[in-house]
Amino acid sequence: MQTGKFRKPSFVVLPFILVVLLGSVLPVFAQAPKKVAILPFDVLAAKDFAYLQEGVRVMLASRLAAGAGVTVVDRAAVDQALAGNGKALTPEKIVGLGKKLGADYLVTGNLTAMGGVSLDAKVHTVADGGVQNFFATAAKEGEVINAVDQLAWDVAAKVFGVTPPAGRGSVATSVPAAQAAAQSPYQTVHPDRGFRSQYGGGSSPFLYAGGMAGPGGFTKSRNFNMDLQAMEMADVDGDGQAEVILAARQEVKILRREAGRLTDIGFVKSGPRFKIHGVTTADLNENGRAEIYVSAADHQQPNSFAVEWNGKELAPIVQDARWYLRVVSLPGEGMVLLGQRAGTDNPLRPGIYRLALKEGNLVEGESYAVPTGVNLFDFSVGDIDSDGSSEIVSIDQHDRLRVWNTGGSLQWKSDEHYGGTTRFIGGSPDLGGKTTIENPEDDKRIYIPSRIIIADVNNDSFNEVVINKNLSSASRLFEKMKNYPSGEIHALSWNGIGLTELWRTRKIDGYISDYLFQSASDQLNAELVVGVVLGGMTMDLLAELRSTLLTYQVPMKPVENK
């Protein structure tokens, strides 16, 4: 019998065996679930919604695990790794935190509860630092579960390629960070303005849409030792560049912008008796230099003035005017100087008039019609509903916005408070900074409201309304005790039946005294310049106050060449 020998495997067979073995092993590695770490959501709410903070985190984790098949990092491990990092998580810290946890993705976000509930989430890719933005909203607290469900399915679809069941999720609400940078987040559809559903929040360095929180981003000027009352920007010296005009209670400063700095070039004072409450500019005499019209008054009557740069300093062109003054942009007319007089027993007499400047005097012209109860400082004019005719947008002494048609009929009134200001006319005598009130009935005040800007803030060919919202419930309960420790700037768009929020800044610490919206020459950006009194306004008129300017860059939709 022939003895058999052990035969070595053929090299042709070995590759086949390896392929079979690897084919059974590789899918195990390929299908290894991604690891996701979910950080606690920041809560931005008018009341205590702390219970939702952890609830949203738990719900989102369970839905991602079930719907996307991911592994969610244990919350205790996340919280332990998060300790010591502080609330300000930079992109570098987020990537480092993800690597420390062994996670492929980190989820951060905000929960905003202002009437309804808004969820704004960011999914950070640890490997490359990429970010994708998602959001969902709930009309009331009871609908938060549905909002979390939508948010989870959106993330599952966009990040992990999972197809949501019919009726779940809305992938269109997600925008990768790179795409958000390339496309302006202000491209909206009129009249409904699909800003919320199309873009979500966080795609701008300082604005967020409809309650969606985003990170802050602004440049800050040096501090000024002044109680900022009003501000303007205009070409005062005729060099083609706009100067910055800052008005304190009894002084107006002119500053030139040079290499990112503000340099004082001139000033003018109002006199000890009269407090400045408004400043506007226009080149009404058409000499290439904008005049500065300063509205000032004591507790009984106005004592306004106007100055102009004469090549060396600010020189008076109007003095001791018994008019409250304001330059207003009127559609079809341009810049027009309007005035209103004081009444015998009221800081303002009914009736607003056009004024002309002639040989150092203000000459009264025709009256300018406004709805009953609307004063000189209360309104702006512009076409906000794109019907070809202008509306009057006003704000009353209770900080409610109103929209009127050209016939004077009220079209809409806001439920929310906007504006909020500490400057007023009237009141009782101011003696060395100390106000004496012998009879409270004599202390009649009319507050000079916040500026109302009507402009196209995103190049969509439709006008929006820009206004501040100084935050303080107590200041709206007590008529003569005004203190605003913080505020926001809101852009509102007409949706067919009323004004609704398009975007707003995140909270600004300090009292917002004034603000400007300036379009850039490249038509791709604009500047929102906000004048802030640091620490808010105090009740003590002798207290030393500091003010500063915050400048935000607002992306604009590119204008198409026709």
Side-chain angles (χ1 to χ4, degrees), residues 218-283 289-297 302-321 324-327 377 421-423 433 448 450-451 468 510-518 527-538 541-551:
F218 54 80
T219 58
K220 178 184 174 299
S221 74
R222 61 183 171 91
N223 292 341
F224 302 94
N225 292 325
M226 66 188 307
D227 50 342
L228 184 65
Q229 300 294 305
M231 58 186 287
E232 269 291 353
M233 289 179 64
D235 183 7
V236 174
D237 58 5
D239 66 350
Q241 301 296 319
E243 281 72 44
V244 177
I245 301 110
L246 303 181
R249 279 194 182 98
Q250 294 178 324
E251 182 183 28
V252 177
K253 285 179 175 287
I254 313 299
L255 304 102
R256 181 174 290 133
R257 304 170 84 178
E258 296 176 320
R261 301 181 63 185
L262 291 173
T263 305
D264 294 21
I265 63 172
F267 71 93
V268 63
K269 293 192 177 285
S270 67
R273 277 185 53 196
F274 302 100
K275 292 184 295 185
I276 296 171
H277 51 260
V279 57
T280 47
T281 61
D283 182 16
R289 302 188 303 271
E291 308 96 61
I292 302 173
Y293 295 89
V294 181
S295 193
N303 193 75
S304 301
F305 59 95
V307 294
E308 187 177 49
W309 187 257
N310 64 7
K312 296 181 179 180
E313 60 184 1
L314 293 171
I317 55 175
V318 174
Q319 299 184 73
D320 303 324
Y324 298 101
L325 297 179
R326 181 182 172 217
V327 176
F377 303 101
T421 180
T422 63
R423 59 184 179 268
I448 306 300
S450 302
R451 182 190 299 264
N468 76 315
Y511 163 63
I512 299 174
S513 60
D514 207 353
Y515 41 93
L516 304 167
F517 187 86
Q518 304 282 330
E527 284 187 341
L528 178 65
V529 184
V530 184
V532 180
V533 179
L534 300 174
M537 291 293 288
T538 69
L541 296 179
L542 295 178
E544 182 178 358
L545 295 170
R546 294 177 303 135
S547 302
T548 192
L549 303 183
L550 308 180
T551 302

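Positions are given from 1, in the same order as the sequence printed here.
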Applying ring pair (Phe, Tyr, Trp, His ring centres under 6.0 Å), can you list everything that pairs with Y293, at least two apart in sequence or on another chain?
none
Ring pair (Phe, Tyr, Trp, His ring centres under 6.0 Å) involving F377 - partner list, sequence neighbours excluded
H277
Under the 3.5 angstrom rule, does the side chain of S304 hit a backbone N or O of A296 as a donor-acceptor pair?
yes
Pair E291-D283, side chain to side chain contact (heavy atoms under 4.5 Å, CB included): steps then yes or no
CA-CA 6 Å; E291 308 96 61; D283 182 16; 3.1 Å; yes
Where T548 and F224 come nearest, the two heavy atoms and their spacing:
CA-CD1, 4.4 Å
Check whether more than 12 heavy atoms from other residues, nucleotides or ligands sit under 6.0 Å from atom NZ of K312, and answer yes or no.
no
Over all heavy atoms of both residues, which pair between G240 and D235 is shortest? Give the atoms and the distance, please.
N-OD2, 2.9 Å
Test log, rule side chain to side chain contact (heavy atoms under 4.5 Å, CB included), inputs V268 and F305
CA-CA 10 Å; V268 63; F305 59 95; 4.1 Å; yes
Check T421 against I448 and note the closest heavy-atom contact, atom names and distance.
CG2-O, 2.8 Å
Counting only heavy atoms from other residues, nucleotides and ligands, does the tally under 6.0 Å from CZ of R222 exceed 12?
yes
Less than 4.0 angstrom from a charged side-chain N to a carboxylate O is my criterion; do E232 and R451 meet it?
yes
Chi angles and distances behind the side chain to side chain contact (heavy atoms under 4.5 Å, CB included) call for M233, V244
CA-CA 5 Å; M233 289 179 64; V244 177; 4.2 Å; yes
Exercise: identify the closest heavy-atom pair between R423 and Y511
NH1-OH, 4.0 Å
Side chains of T281 and V327: closer than 4.5 Å at any heavy-atom pair?
no
With side-chain hydrogen bond (donor to acceptor under 3.5 Å, both in side chains) as the rule and sequence neighbours excluded, what pairs involving residues 251-260 come up?
D237-R256, K253-D264, R257-E527, E258-T263
